[in-house]
Trainee: 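I am attaching a structure below and will ask some questions about it afterwards.
Only a predicted model underlies this, so the values are computations on that prediction, with no experimental measurement involved.
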Amino acid sequence: MPKARKKKSVPSKKNKTPVKKKSTSKKKKSRSGKSGFSWRKAILLTFLVLLVGGIIYAWYLNNLIKHRFDGETWARPSRVFARPLELYAGLKLSPEQLMFELKLADYQPV
């Protein structure tokens, strides 16, 4: 059901002020058709560029880490460079045995 249109108020003859007619030649610019710089578009474009760049950089780092861990690093046997020796009061250790242990640990007399 169409809406009823309101009647335009027509100035009475008593009111002597002239009525100005609106010119129909001027068109209102809509915001969507506005050309020029838009902050929203600039921020969105910057965000998308940073997002794509971050994804590419993360992919690069992931491949770099995979390449380094997949190599021969883990195929080689491990070596133990420590030889623990517990020293405590009451330990039965001769001076020759102590000197032998210190030489094995690469200590030098100074």
Trainee: Find out if a path of hydrophobic residues (ILVMFWY) with successive side-chain heavy-atom gaps under 4.5 Å connects L85 to Y88.
Mentor: yes
Trainee: Within this structure, what is the CG-CD1 distance for the pair L50 and I55, rounded to the nearest 0.5 Å?
Mentor: 11.0 Å
Trainee: Rounded to the nearest 0.5 Å, how far apart are CZ of F69 and CD1 of I65?
Mentor: 7.0 Å
Trainee: To the closest 0.5 Å, what do you measure between CG (L102) and CE (M99)?
Mentor: 6.5 Å
Trainee: So, using side chain to side chain contact (heavy atoms under 4.5 Å, CB included) as the criterion, who are the partners of L93 when residues are at least two apart?
Mentor: L87, L91, Q97, L98
Trainee: With sequence neighbours left out, what residues match W39 under ring pair (Phe, Tyr, Trp, His ring centres under 6.0 Å)?
Mentor: F37
Trainee: Hey, could you give me the CZ/OG distance between R40 and S38, rounded to the nearest 0.5 Å?
Mentor: 7.5 Å
